[in-house]
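To start, the structure itself, in C-alpha coordinates.
Just so we're on the same page: letters track the sequence lines, and every chain starts at 1.
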Protein chains: 2
Amino acid sequence: MKHKSFQHMNCSLAQALEVVGERWTLLVLRDAFFGPRRFNQLQESLGIPRNILARRLNRLVEEGILEKQSVSNSKRFAYALTRKGLDLQPAIMALVQWGDTYKPSPKGPRLIFTERETGEPIQPVKVRSTDGRVLAPNQIGVVPGPGLGK
Amino acid sequence: MKHKSFQHMNCSLAQALEVVGERWTLLVLRDAFFGPRRFNQLQESLGIPRNILARRLNRLVEEGILEKQSVSNSKRFAYALTRKGLDLQPAIMALVQWGDTYKPSPKGPRLIFTERETGEPIQPVKVRSTDGRVLAPNQIGVVPGPGLGK
(Lines give C-alpha, C1' and ligand atoms only; values in the text may rest on other atoms or scores of the structure.)
Protein backbone atom coordinates (compact mmCIF):
# COMPACT_ATOMS: atom_id res chain seq x y z
CA MET A 1 0.00 0.00 0.00
CA LYS A 2 1.53 3.30 -1.10
CA HIS A 3 0.72 6.12 1.27
CA LYS A 4 0.17 9.68 0.25
CA SER A 5 3.18 11.58 1.55
CA PHE A 6 2.83 14.36 4.13
CA GLN A 7 5.99 15.95 2.76
CA HIS A 8 4.23 18.62 0.72
CA MET A 9 2.31 19.91 3.75
CA ASN A 10 3.68 23.13 5.16
CA CYS A 11 3.10 21.98 8.73
CA SER A 12 5.78 21.03 11.24
CA LEU A 13 3.67 18.23 12.69
CA ALA A 14 3.10 16.70 9.26
CA GLN A 15 6.82 17.02 8.54
CA ALA A 16 7.69 15.25 11.80
CA LEU A 17 5.15 12.50 11.13
CA GLU A 18 6.49 12.02 7.61
CA VAL A 19 9.72 10.87 9.31
CA VAL A 20 8.63 9.22 12.57
CA GLY A 21 4.94 8.55 11.95
CA GLU A 22 5.31 5.17 10.27
CA ARG A 23 4.18 2.16 12.26
CA TRP A 24 6.99 0.73 14.42
CA THR A 25 9.30 3.70 13.99
CA LEU A 26 8.72 5.21 17.43
CA LEU A 27 8.93 1.75 19.01
CA VAL A 28 12.32 1.22 17.34
CA LEU A 29 13.45 4.58 18.74
CA ARG A 30 12.12 3.70 22.20
CA ASP A 31 14.55 0.78 22.29
CA ALA A 32 17.42 2.96 21.09
CA PHE A 33 16.96 5.38 24.00
CA PHE A 34 18.56 3.10 26.53
CA GLY A 35 21.77 2.40 24.67
CA PRO A 36 22.89 1.34 21.19
CA ARG A 37 21.10 -1.72 19.90
CA ARG A 38 22.04 -4.36 17.36
CA PHE A 39 19.63 -5.52 14.67
CA ASN A 40 18.93 -8.85 16.33
CA GLN A 41 18.31 -7.27 19.71
CA LEU A 42 15.78 -4.90 18.18
CA GLN A 43 14.14 -7.70 16.27
CA GLU A 44 13.81 -9.81 19.41
CA SER A 45 12.53 -6.95 21.56
CA LEU A 46 9.95 -5.79 19.02
CA GLY A 47 8.84 -9.04 17.41
CA ILE A 48 8.76 -7.12 14.13
CA PRO A 49 9.30 -8.79 10.72
CA ARG A 50 12.97 -8.46 9.70
CA ASN A 51 12.23 -6.79 6.37
CA ILE A 52 10.12 -4.09 8.00
CA LEU A 53 12.71 -3.53 10.73
CA ALA A 54 15.45 -3.21 8.09
CA ARG A 55 13.38 -0.68 6.14
CA ARG A 56 12.63 1.40 9.25
CA LEU A 57 16.28 1.38 10.35
CA ASN A 58 17.56 2.35 6.90
CA ARG A 59 15.15 5.23 6.76
CA LEU A 60 16.17 6.41 10.25
CA VAL A 61 19.86 6.26 9.28
CA GLU A 62 19.18 8.16 6.02
CA GLU A 63 17.32 10.80 8.01
CA GLY A 64 20.21 11.15 10.45
CA ILE A 65 18.14 10.04 13.45
CA LEU A 66 20.13 6.85 14.05
CA GLU A 67 23.74 6.15 13.18
CA LYS A 68 25.63 2.89 12.87
CA GLN A 69 28.38 2.42 15.44
CA SER A 70 30.88 -0.40 15.28
CA VAL A 71 30.82 -2.85 18.19
CA SER A 72 34.30 -3.23 19.68
CA ASN A 73 36.34 -6.25 18.54
CA SER A 74 33.84 -7.33 15.94
CA LYS A 75 32.63 -6.52 12.47
CA ARG A 76 29.15 -6.00 13.82
CA PHE A 77 27.52 -2.69 14.46
CA ALA A 78 24.78 -1.19 16.59
CA TYR A 79 22.29 1.60 16.02
CA ALA A 80 22.63 4.67 18.24
CA LEU A 81 20.63 7.87 18.40
CA THR A 82 22.18 11.05 17.01
CA ARG A 83 21.43 14.49 18.49
CA LYS A 84 18.47 14.70 16.07
CA GLY A 85 17.19 11.39 17.40
CA LEU A 86 17.78 12.30 21.05
CA ASP A 87 15.72 15.44 20.49
CA LEU A 88 12.66 13.22 19.97
CA GLN A 89 12.81 12.36 23.64
CA PRO A 90 10.21 14.89 24.91
CA ALA A 91 7.71 13.68 22.27
CA ILE A 92 8.29 10.03 23.13
CA MET A 93 8.12 10.64 26.90
CA ALA A 94 4.90 12.62 26.48
CA LEU A 95 3.32 9.74 24.53
CA VAL A 96 4.52 7.22 27.14
CA GLN A 97 2.99 9.30 29.91
CA TRP A 98 -0.30 9.61 28.05
CA GLY A 99 -0.34 5.83 27.53
CA ASP A 100 0.39 5.32 31.23
CA THR A 101 -2.50 7.58 32.20
CA TYR A 102 -5.16 6.42 29.75
CA LYS A 103 -4.14 2.85 28.94
CA PRO A 104 -2.73 1.86 32.33
CA SER A 105 -1.77 -1.57 33.48
CA PRO A 106 -4.14 -2.50 36.37
CA LYS A 107 -1.07 -3.16 38.50
CA GLY A 108 0.42 0.31 38.21
CA PRO A 109 3.03 2.00 36.05
CA ARG A 110 4.96 -0.28 33.73
CA LEU A 111 8.17 1.67 33.87
CA ILE A 112 9.30 4.42 36.21
CA PHE A 113 11.56 7.02 34.63
CA THR A 114 14.00 8.55 37.05
CA GLU A 115 16.80 11.07 37.17
CA ARG A 116 19.86 8.80 37.28
CA GLU A 117 21.78 10.88 39.74
CA THR A 118 19.05 11.28 42.36
CA GLY A 119 16.82 8.29 41.63
CA GLU A 120 13.80 10.63 41.80
CA PRO A 121 10.96 10.11 39.30
CA ILE A 122 10.89 12.69 36.51
CA GLN A 123 8.02 15.15 36.02
CA PRO A 124 5.21 14.63 33.51
CA VAL A 125 6.01 16.57 30.34
CA LYS A 126 4.05 19.84 30.22
CA VAL A 127 3.78 22.87 27.99
CA ARG A 128 5.13 25.97 29.76
CA SER A 129 5.23 29.74 29.39
CA THR A 130 8.55 31.58 28.92
CA ASP A 131 8.79 32.06 32.67
CA GLY A 132 8.02 28.43 33.42
CA ARG A 133 4.33 28.31 34.34
CA VAL A 134 2.41 25.24 33.15
CA LEU A 135 -0.09 26.22 30.43
CA ALA A 136 -3.39 24.51 29.76
CA PRO A 137 -4.44 24.01 26.12
CA ASN A 138 -6.95 26.87 26.24
CA GLN A 139 -4.22 29.26 27.38
CA ILE A 140 -2.24 28.70 24.21
CA GLY A 141 -2.79 30.66 21.02
CA VAL A 142 -1.13 30.54 17.66
CA VAL A 143 -0.07 33.18 15.17
CA PRO A 144 1.20 32.61 11.62
CA GLY A 145 5.00 32.80 11.32
CA PRO A 146 7.14 33.80 8.30
CA GLY A 147 7.44 30.15 7.22
CA LEU A 148 3.74 29.81 6.54
CA GLY A 149 3.68 31.85 3.32
CA LYS A 150 4.18 30.33 -0.11
CA MET B 1 -3.84 -4.21 4.74
CA LYS B 2 -4.52 -5.48 8.23
CA HIS B 3 -1.92 -4.33 10.74
CA LYS B 4 -0.69 -6.35 13.62
CA SER B 5 -2.10 -4.67 16.71
CA PHE B 6 0.17 -3.17 19.37
CA GLN B 7 -2.56 -3.77 21.94
CA HIS B 8 -1.00 -6.88 23.45
CA MET B 9 2.28 -5.08 24.16
CA ASN B 10 2.74 -4.19 27.80
CA CYS B 11 4.29 -0.86 26.92
CA SER B 12 2.72 2.56 27.42
CA LEU B 13 4.18 3.91 24.19
CA ALA B 14 2.77 1.00 22.18
CA GLN B 15 -0.59 1.49 23.90
CA ALA B 16 -0.59 5.18 23.00
CA LEU B 17 0.39 4.45 19.40
CA GLU B 18 -2.33 1.82 19.11
CA VAL B 19 -4.77 4.72 19.57
CA VAL B 20 -3.08 7.76 18.02
CA GLY B 21 -0.39 6.17 15.83
CA GLU B 22 -2.50 5.63 12.73
CA ARG B 23 -1.71 7.85 9.77
CA TRP B 24 -3.71 11.11 9.85
CA THR B 25 -4.88 10.71 13.42
CA LEU B 26 -2.50 13.26 14.95
CA LEU B 27 -3.19 15.65 12.07
CA VAL B 28 -6.92 15.38 12.76
CA LEU B 29 -6.23 16.16 16.43
CA ARG B 30 -3.98 19.09 15.49
CA ASP B 31 -6.97 20.72 13.81
CA ALA B 32 -9.19 20.03 16.81
CA PHE B 33 -6.82 21.88 19.17
CA PHE B 34 -7.91 25.28 18.02
CA GLY B 35 -11.64 24.84 18.47
CA PRO B 36 -14.34 22.32 17.55
CA ARG B 37 -14.34 21.36 13.89
CA ARG B 38 -17.03 20.05 11.59
CA PHE B 39 -16.45 17.12 9.26
CA ASN B 40 -16.28 19.27 6.13
CA GLN B 41 -13.84 21.71 7.72
CA LEU B 42 -11.53 18.87 8.67
CA GLN B 43 -11.83 17.33 5.26
CA GLU B 44 -10.96 20.60 3.57
CA SER B 45 -8.06 21.41 5.88
CA LEU B 46 -6.51 17.95 5.62
CA GLY B 47 -7.29 16.96 2.04
CA ILE B 48 -7.91 13.47 3.38
CA PRO B 49 -10.29 10.98 1.69
CA ARG B 50 -13.73 11.17 3.33
CA ASN B 51 -13.92 7.48 4.18
CA ILE B 52 -10.55 7.56 5.98
CA LEU B 53 -11.48 10.73 7.85
CA ALA B 54 -14.79 9.17 8.92
CA ARG B 55 -12.99 6.06 10.17
CA ARG B 56 -10.40 8.09 12.12
CA LEU B 57 -13.08 10.31 13.69
CA ASN B 58 -15.24 7.35 14.69
CA ARG B 59 -12.29 5.68 16.33
CA LEU B 60 -11.36 8.86 18.21
CA VAL B 61 -14.95 9.24 19.45
CA GLU B 62 -15.07 5.58 20.53
CA GLU B 63 -11.81 6.08 22.40
CA GLY B 64 -13.18 9.16 24.16
CA ILE B 65 -10.56 11.48 22.66
CA LEU B 66 -13.06 13.50 20.64
CA GLU B 67 -16.73 14.09 21.34
CA LYS B 68 -19.53 15.26 19.13
CA GLN B 69 -21.00 18.62 20.10
CA SER B 70 -24.11 20.05 18.52
CA VAL B 71 -23.68 23.29 16.61
CA SER B 72 -26.18 25.92 17.82
CA ASN B 73 -29.36 26.37 15.78
CA SER B 74 -28.65 23.44 13.52
CA LYS B 75 -28.77 19.68 13.37
CA ARG B 76 -25.09 19.61 12.59
CA PHE B 77 -22.34 18.78 15.01
CA ALA B 78 -18.65 19.43 15.48
CA TYR B 79 -15.84 17.37 16.96
CA ALA B 80 -14.22 18.70 20.13
CA LEU B 81 -11.40 17.35 22.26
CA THR B 82 -12.24 15.78 25.61
CA ARG B 83 -9.89 15.96 28.61
CA LYS B 84 -8.26 12.76 27.33
CA GLY B 85 -7.70 14.40 23.96
CA LEU B 86 -6.44 17.66 25.44
CA ASP B 87 -3.88 15.67 27.40
CA LEU B 88 -2.20 14.77 24.09
CA GLN B 89 -1.12 18.38 23.79
CA PRO B 90 2.44 18.01 25.18
CA ALA B 91 3.11 15.12 22.78
CA ILE B 92 1.75 17.04 19.78
CA MET B 93 3.63 20.23 20.71
CA ALA B 94 6.86 18.28 21.16
CA LEU B 95 6.46 16.76 17.68
CA VAL B 96 5.66 20.15 16.16
CA GLN B 97 8.78 21.64 17.76
CA TRP B 98 10.94 18.77 16.50
CA GLY B 99 9.52 19.27 12.99
CA ASP B 100 10.21 23.01 13.23
CA THR B 101 13.82 22.34 14.24
CA TYR B 102 14.72 19.55 11.83
CA LYS B 103 12.35 20.08 8.91
CA PRO B 104 12.18 23.87 8.95
CA SER B 105 10.70 26.12 6.36
CA PRO B 106 13.58 28.20 4.89
CA LYS B 107 11.60 31.32 5.75
CA GLY B 108 11.36 30.64 9.49
CA PRO B 109 8.82 29.11 11.84
CA ARG B 110 5.48 28.23 10.26
CA LEU B 111 3.44 28.91 13.37
CA ILE B 112 4.33 30.69 16.58
CA PHE B 113 2.61 29.32 19.66
CA THR B 114 2.02 31.93 22.32
CA GLU B 115 0.52 32.30 25.74
CA ARG B 116 -2.79 33.97 24.95
CA GLU B 117 -2.76 36.32 27.90
CA THR B 118 0.76 37.70 27.43
CA GLY B 119 1.36 37.08 23.74
CA GLU B 120 4.78 35.63 24.65
CA PRO B 121 6.01 32.56 22.76
CA ILE B 122 5.82 29.34 24.76
CA GLN B 123 8.89 27.31 25.78
CA PRO B 124 10.09 24.25 23.89
CA VAL B 125 8.76 21.13 25.63
CA LYS B 126 11.46 19.53 27.79
CA VAL B 127 11.80 16.62 30.19
CA ARG B 128 12.39 17.88 33.74
CA SER B 129 13.38 16.60 37.16
CA THR B 130 10.99 16.79 40.13
CA ASP B 131 12.47 20.16 41.09
CA GLY B 132 12.21 21.52 37.55
CA ARG B 133 15.70 21.17 36.06
CA VAL B 134 15.83 20.24 32.35
CA LEU B 135 17.19 16.70 31.95
CA ALA B 136 19.20 15.44 28.98
CA PRO B 137 18.44 11.93 27.69
CA ASN B 138 21.57 10.46 29.29
CA GLN B 139 20.50 11.78 32.70
CA ILE B 140 17.33 9.69 32.62
CA GLY B 141 17.16 6.12 33.83
CA VAL B 142 14.35 3.66 33.99
CA VAL B 143 13.31 1.05 36.53
CA PRO B 144 10.60 -1.59 36.13
CA GLY B 145 7.30 -0.67 37.79
CA PRO B 146 4.59 -2.95 39.23
CA GLY B 147 2.69 -2.90 35.92
CA LEU B 148 5.46 -4.66 34.05
CA GLY B 149 4.85 -8.12 35.53
CA LYS B 150 2.52 -10.67 33.98
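Annotation for B:Lys103 and A:Val19: closest pair CE-CG2, 3.5 Å, computed over non-hydrogen atoms. Scanning all heavy atoms of the two residues, the minimum distance from B:Thr114 to A:Val143 falls at CG2-CG2, 4.4 Å. For B:Lys107 against A:Pro146, the heavy-atom pair with the smallest separation is O-CB, 3.2 Å. Nearest heavy atoms, A:Cys11 versus B:Arg30: SG-NH1, 2.9 Å.
Most heavy-atom pairs under 4.5 Å with chain A, from the set B:Gly119, B:Ala16, B:Gly141, B:Gly145: that is B:Gly141. Highest contact tally toward chain B, considering only A:Gly64, A:Pro109, A:Gly108, is held by A:Pro109 [criterion: heavy-atom pairs under 4.5 Å]. When B:Ile48, B:Ile112, B:Val127, B:Leu111 are compared by the number of non-hydrogen pairs under 4.5 Å with chain A, B:Ile112 comes out ahead. For the set A:Val125, A:Leu27, A:Leu26, the entry with the most heavy-atom pairs within less than 4.5 Å of chain B is A:Leu27. In terms of heavy-atom pairs under 4.5 Å with chain B, the best-connected choice from A:Asp131, A:Thr118, A:Asp100 is A:Asp100. Among B:Arg128, B:Lys126, B:Glu18, the residue with the largest count of heavy-atom pairs under 4.5 Å with chain A is B:Arg128. Counting heavy-atom pairs closer than 4.5 Å to chain A, the top-ranked of the candidates B:Gly21, B:Pro144, B:Pro137 is B:Pro137.
By a heavy-atom distance cut of under 4.5 Å, B:Arg83, B:Lys84, B:Leu86 are the residues of residues 66-86 of chain B near chain A, going up by number. Close approach to chain A, defined as a heavy atom under 4.5 Å from one of its heavy atoms, is seen in B:Asp87, B:Leu88, B:Gln89, B:Pro90, B:Ala91, B:Ile92, B:Met93, B:Ala94, B:Leu95, B:Val96, B:Trp98, B:Gly99 of residues 87-99 of chain B, taken by number.
By the 4.0 Å N-to-carboxylate-O rule, B:Arg133 lies close enough to A:Glu115 to be salt-bridged with it.
Enclosure of atom CD in B:Glu44 is not indicated, since only 12 or fewer non-hydrogen atoms of other residues, nucleotides or ligands lie within 6.0 angstrom.
Of the atoms belonging to A:Ser105, it is side-chain heavy atoms, and not backbone ones, that fall under 4.5 Å from chain B. Contact annotation for B:Leu17: only side-chain heavy atoms (C-beta onward) come within less than 4.5 Å of a heavy atom of chain A. With a 4.5 Å cut-off on non-hydrogen atoms, A:Phe33 touches chain B through its side chain but not through its backbone. At a 4.5 Å heavy-atom cutoff, the contact between A:Ile122 and chain B is made by backbone and side-chain atoms alike. Residue A:Leu46 touches chain B through its backbone alone, counting heavy-atom pairs closer than 4.5 Å.
Both B:Phe34 and B:Leu53 are part of a single hydrophobic cluster, where members link through side-chain heavy atoms under 4.5 Å apart.
For the pair B:Arg23/A:Phe6, a side-chain contact is recorded, criterion being any heavy-atom separation below 4.5 Å from C-beta on. A:Met9 places none of its side-chain heavy atoms less than 4.5 Å from the side chain of B:Arg110.
Checked by atom type and distance alone, the side chain of A:Arg116 pairs as donor or acceptor with a backbone atom of B:Ile140 at under 3.5 Å. When atom types are taken as modelled, the side chain of A:Ser12 and the backbone of B:Pro104 share no donor-acceptor pair closer than 3.5 angstrom.
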